[in-house]
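In what follows, a single structure is set out as structure tokens and then discussed.
Since the structure is predicted, the reported quantities are computational estimates derived from the model, not experimental observations. In listed order, ligands and their atoms are each counted from 1. The first residue in the sequence is number 1, and the count goes up from there.
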Amino acid sequence: MHMADMGKFKLHYRIDGPDDGVPVVFANSLGTDLRLWDPIMPLLPAGLRILRYDKRGHGLSDTPEGRYSMGALVGDAEKLMQMTGFKDAVFVGLSIGGLIAQGLAAKRLDLVKAVVLSNTAAKIGTRDMWEDRIKTVEAGGLEAALEATMTRWFSKKFRQTPDYPAWENLHLQTPVAGWVGCAAAIAGTDFISSTSGLRLPALGIAGTEDGSTPPDLVREMTDLIPGSQFHLIRGAGHLPCVEKPEEYAEVLTGFLKSQGLV
Ligand SMILES: O=C(O)CC1=CCC(=O)O1
């Protein structure tokens with residue numbers, strides 16, 4: 001376990017794989033931490049140097065006070081990559097992690113050579129929708145948002161499995177201030193124009209049962225980037241790396257192969 005000093009707070013991160021491996025960065029979603037990617041880690045090809053981290057206000061990272069901006073979250077990823085020597089990387093972002101990927105690709109093409117935009121959009125929901133969710137969580141904690149969130153995250157089938165309860169706990173253990181801070185960043189983000197200007201290899205991934213970023217929305221964003229690829233995972237919700245890790249890893253590996261990286 002490592003903590004990166006970001007100045008006023010610290011971010012938790014981990015690196016796996018050889019020093020000279022192909023650099024790949026993973027950014028997780030709202031209410032999860034770097035363990036989101038655990039199910040696919042053993043399924044990825046050898047020879048990748050993988051950086052995972054907990055966003056501010058999540059996992060083992062510190063929780064700065066107040067609402068966060070998307071610029072600040074993109075800046076965290078940028079600084080962490082520079083501190084850990086990651087450049088020319090494939091950046092894999094899921095949901096808010098996908099917003100961070102889009103923002104970082106628009107800003108630092110030297111750091112990001114390709115993006116995987118999983119279960120995300122150029123704009124997720126509306127400001128009013130996020131303000132309503134923020135009010136709910138501020139008043140009643142993450143528990144008050146649990147059922148609605150789990151319905152968006154997972155297929156009915158997955159919620160019957162023994163793997164499911166740990167993901168409820170992960171959501172419930174997110175600090176309220178961290179969740180609210182990141183939700184406010186999503187509320188204020190519209191990357192339609194900047195993502196339309198991206199010119200780099202991109203893969204969009206969607207899940208048929210995703211209640212947060214449905215397939216049409218993910219495809220709409222993916223289509224903004226000329227030459228991009230798109231893959232739909234059947235039977236999975238918002239977190240297909242959890243529900244369908246084999247298919248997710250296969251698609252990701254196929255994308256890396258298509259770029260000559262593995
Ligand atoms: O709808 C949810 O709670 C899931 C989600 C939206 C943005 C994100 O990162 O996760």
>> Any salt bridge linking Glu209 with Arg159? Criterion: basic side-chain nitrogen under 4.0 Å from a carboxylate oxygen.
In response: no
Does ligand 1 have any N/O atom under 3.5 Å from a protein N/O, and what are those pairs and their distances?
| residue | atom | partner | partner atom | Å |
| --- | --- | --- | --- | --- |
| ligand 1 | 1 (O) | Arg133 | NH1 | 3.4 |
| ligand 1 | 1 (O) | Arg152 | NE | 2.7 |
| ligand 1 | 1 (O) | Arg152 | NH2 | 3.4 |
| ligand 1 | 1 (O) | Ser212 | OG | 2.7 |
| ligand 1 | 3 (O) | Arg152 | NH2 | 3.1 |
| ligand 1 | 9 (O) | Leu30 | N | 2.9 |
| ligand 1 | 9 (O) | Ser95 | OG | 2.8 |
| ligand 1 | 9 (O) | Ile96 | N | 2.9 |
| ligand 1 | 10 (O) | Ser95 | OG | 3.0 |

> Should His171 and Trp153 be marked as a ring-ring contact (aromatic ring centres under 6.0 Å, His included) after you check the CA-CA gap, both sets of side-chain angles, and the distance that decides it?
Replying inline: CA-CA 11 Å; His171 167 77; Trp153 279 14; 5.5 Å; yes
> Listed by chain and number, what are the ring pair (Phe, Tyr, Trp, His ring centres under 6.0 Å) partners of Tyr13, not counting sequence neighbours?
Replying inline: His2
> Relative to Trp130, does Arg127 satisfy both conditions: NZ or CZ under 6.0 angstrom from the six-membered ring centre, and within 45 degrees of the ring's axis?
Replying inline: no
>> Going by side-chain contact (heavy atoms from CB on, under 4.5 Å), Arg52 matches just one of Leu34, Asp33, Asn28, Val25. Which one?
In response: Leu34
>> If we count only N and O atoms by modelled type, under 3.5 Å, do the side chains of Gln229 and Ser258 hold a donor and an acceptor together?
In response: yes
